[in-house]
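In what follows, a single structure is set out as structure tokens and then discussed.
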Amino acid sequence: GSFLFVLFYLTAQTQSAFLAISGMVMILLNFIPAILLYRFLFQIEYFGVLNMLGVFIILGIGVDDIFVFLDTFNATEWQFPGAPFRVRI
């Protein structure tokens, strides 16, 4: 439920379904290595309620990073008006 809410909110804020879905995929791809490290490298089998809260914290931090990246990119339009995309990157 919360994942879909964040996806819809991100789509509304960025006005791009591609950016929102790409950002959420980027966040989800961070869970797989984290779980692999937790389970196989550290040999911890217990995955409790507090660990599930970490999922929401990672989701929040990841979405915040997306907003920072997009805001920084949009600020380059003000800094370099009329500059082509390649220069702004």
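In this view, F73 and F85 satisfy the ring pair (Phe, Tyr, Trp, His ring centres under 6.0 Å) rule, not counting sequence neighbours. The side chain to side chain contact (heavy atoms under 4.5 Å, CB included) test applied to A17 returns T11, not counting sequence neighbours. The side-chain hydrogen bond (donor to acceptor under 3.5 Å, both in side chains) test applied to T14 returns no partner, not counting sequence neighbours. Evaluation of the ring pair (Phe, Tyr, Trp, His ring centres under 6.0 Å) rule for F47 yields Y38 as partners, not counting sequence neighbours. Under the side-chain hydrogen bond (donor to acceptor under 3.5 Å, both in side chains) criterion, Q13 pairs with no residue at all, not counting sequence neighbours.
Remark: the backbone N or O of F40 is paired with a side-chain donor or acceptor of Q43 at under 3.5 angstrom. Put simply, the side chain of T76 never gets that close to the backbone of Q79: no donor and acceptor are under 3.5 Å apart.
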Using distance only, find each side-chain donor-acceptor pair of residues 54-70 under 3.5 Å and give its atom names and separation, not counting sequence neighbours.
none

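Within the 4.5 Å cutoff, no side-chain heavy atoms of I44 are placed close to those of R39.
Taken to the nearest 0.5 Å, the CE atom of M24 stands 13.0 Å off from the CG atom of L19. Taken to the nearest 0.5 Å, the CG atom of L10 stands 11.5 Å off from the CD atom of Q15. Here the CG atom belonging to L36 is positioned 10.0 Å from the CG atom belonging to L41, to the nearest 0.5 angstrom.
Hydrophobic cluster membership differs between L28 and I35, with clusters built from Ile, Leu, Val, Met, Phe, Trp and Tyr side chains linked at under 4.5 angstrom.
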